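Take a look at the structure set out below.
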Number of protein chains: 2
Amino acid sequence: MTKVLVVDDEPQIVRTLRINLTARGYEVATAGDGRDALRVAAAVRPDVVVLDLGLPDMDGSTVIEGLRGWTAVPIIVLSARTDSGDKVAALDAGADDYVTKPFGMDELLARLRAAVRRASASVPTGEAAVVETDAFTVDLAAKKVLRDGAEVHLTPTEWGVLELLVRNKGKLVGQKQLLQEVWGPAYASETHYLRVYLAQLRRKLEPQPSRPRHLLTEAGMGYRFEA
Amino acid sequence: MTKVLVVDDEPQIVRTLRINLTARGYEVATAGDGRDALRVAAAVRPDVVVLDLGLPDMDGSTVIEGLRGWTAVPIIVLSARTDSGDKVAALDAGADDYVTKPFGMDELLARLRAAVRRASASVPTGEAAVVETDAFTVDLAAKKVLRDGAEVHLTPTEWGVLELLVRNKGKLVGQKQLLQEVWGPAYASETHYLRVYLAQLRRKLEPQPSRPRHLLTEAGMGYRFEA
DNA sequence: GAGTGGCGTCAAGATCTCGTCATGGCCCGT
DNA sequence: ACGGGCCATGACGAGATCTTGACGCCACTC
């Protein structure tokens, strides 16, 4: 879940933001002043920070610099000041965006989404893209399959079938769905293709192709991948 | 030097921006409508795009999507509309920031700096800029390739292909992705180019061009670089 | 026990894709 | 104007992949 740190000294605003963000599935942490903000940020490691500039204890730029000293988390600045000098100072200090109060909730949320999207896109997509069984390993990102340490070559269609099954690990995937997503909408009833390609995959991947343990058939329904 | 693409149909604005940006050391390219914008973006590969939403030929979101189809370049939207619906739509379509006209040049420049800073920070610079194989060495930073101690000369296109493959070491890179990122979004299906350039790269780099060990083909899918 | 439907296996021809070479056009510096 | 480097494009054989049909097996039904 995406964690948002809201920093503002006006309880009114904090409350409004908390309600709106929580309702949209964000996890919300809050801080009422600069010291607090830095402390909480270090503790909860938010995915994005919404920071009011008019804090009682320290200057906004100081907070930004305090955060930037150790994290690249997106910072969206809120401020009542419309003066362009303030905006420039905050942005150059390391803020990602600057919204002037009063602000529209829709807009803030959209800017927040944009900031989060950017941040997550820049992180080289996590290792979660590797699925292992005791017989072989599938790397979804690299489109590679390893068996006994050696790479197994798959054709585009074989890969398409395997990928769809692996992405739905443990779930039953209907024949129609497989055919439509791999071959295209016009092939929804060519069930013969599936038999041929599942056999090929088993021959390449299963220790005992005739007794599959990972690429399983659900007669009359479809196929299932189990780790 | 940082390249900025300015897209606006009002010559006045384009002129003002060009002057200000050039004075601050940016390299400026311009486009007057959406079609132009996509074409120029593919050609000059800007580091940031400033995009006016009120273009004569196409909807702003369409332009954003057209860019997002193949590049993650930061997009700063300019618009006379203050309506929050427009802002939300543009940001959700993939824009990074939204500035309403009339805008302060200082602010725009600060937002532009913030966008560029973010984008360059997300590309880990020190990240293994040198990749070695037992046959040749690729220096991503210096854009050089060494083989048996001697420098191998590559044409810009050859380098573009090799760089993309090496940066995705071990991963399969789809032919569409290669074509779009090296030649531009309009060339997504010119698979013949790939065959020609991969052959040239192999001739220059592989000990046995007909039996490549580092620049591998995955028939029907794409190519892969292995060290 | 025969019939039926779904499945797995195999192999061969059709089709798509790849590597290679050759050619002509374009741009740029001389 | 003249080369030289670079890119786009066409032709074709070789190879990889897909499609298709035939056949046997199994489980279940009648």
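Below, chain A is the first sequence line, B the second, and so on; all start at residue 1. Values in this document were obtained by computation on a predicted structure and should not be read as measured data.
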Closer than 4.0 angstrom, basic N to acidic O: yes or no for A:Arg111 and A:Asp96? no
Are the side chain of B:Asp148 and the backbone N or O of B:Ala150 linked by a donor-acceptor pair below 3.5 Å? no
Quickly work out the A:Trp159 CH2 to D:dT17 C1' distance and round it to whole Å. 17 Å
If you find the nucleotide of DNA chain D closest to B:Glu218 and the one closest to B:Glu190, which residue's nucleotide is nearer the 5' end? B:Glu190
Residue A:Tyr193, side-chain heavy atoms: nucleotide from D:dC18, D:dA8, D:dT20 that is nearest: D:dT20
For A:Tyr197 and D:dT17, is the shortest distance between a side-chain N/O and OP1 or OP2 below 4.0 Å? no
Could you tell me whether B:Lys204 and B:Glu158 make a salt bridge, using a distance below 4.0 angstrom between a side-chain N and a carboxylate O? yes
Heavy atoms of chain B, cut-off under 4.0 Å: which first and last nucleotide of DNA chain C, 5' to 3', fall inside that, if you could look? C:dT17 to C:dT20
What contact category does B:Glu158 fall into here, base, sugar-phosphate, or nothing, at under 4.0 angstrom with non-hydrogen atoms? nothing
Look at the side-chain N and O atoms of A:Trp183 and state whether any lies under 4.0 Å from the OP1 or OP2 oxygen of D:dC18. no
Which part of the nucleic acid, if any, lies within contact of B:Gln200, taking any heavy atom under 4.0 Å across all strands shown: a base, the sugar-phosphate backbone alone, or nothing? nothing
Are the aromatic rings of A:Trp183 and A:Tyr197 close, with centres under 6.0 Å apart? yes
Nearest-neighbour nucleotide for the B:Ala219 side chain, D:dT17, D:dC6, D:dC18 considered: D:dT17
Residue pair B:Thr30 / B:Arg15, side-chain donor-acceptor N/O under 3.5 Å: no
Between the side chains of B:Arg24 and B:Thr2, does any donor sit under 3.5 Å from an acceptor? no
Per A:His192 side chain, nearest of listed nucleotides D:dC18, D:dC6, D:dA22: D:dA22
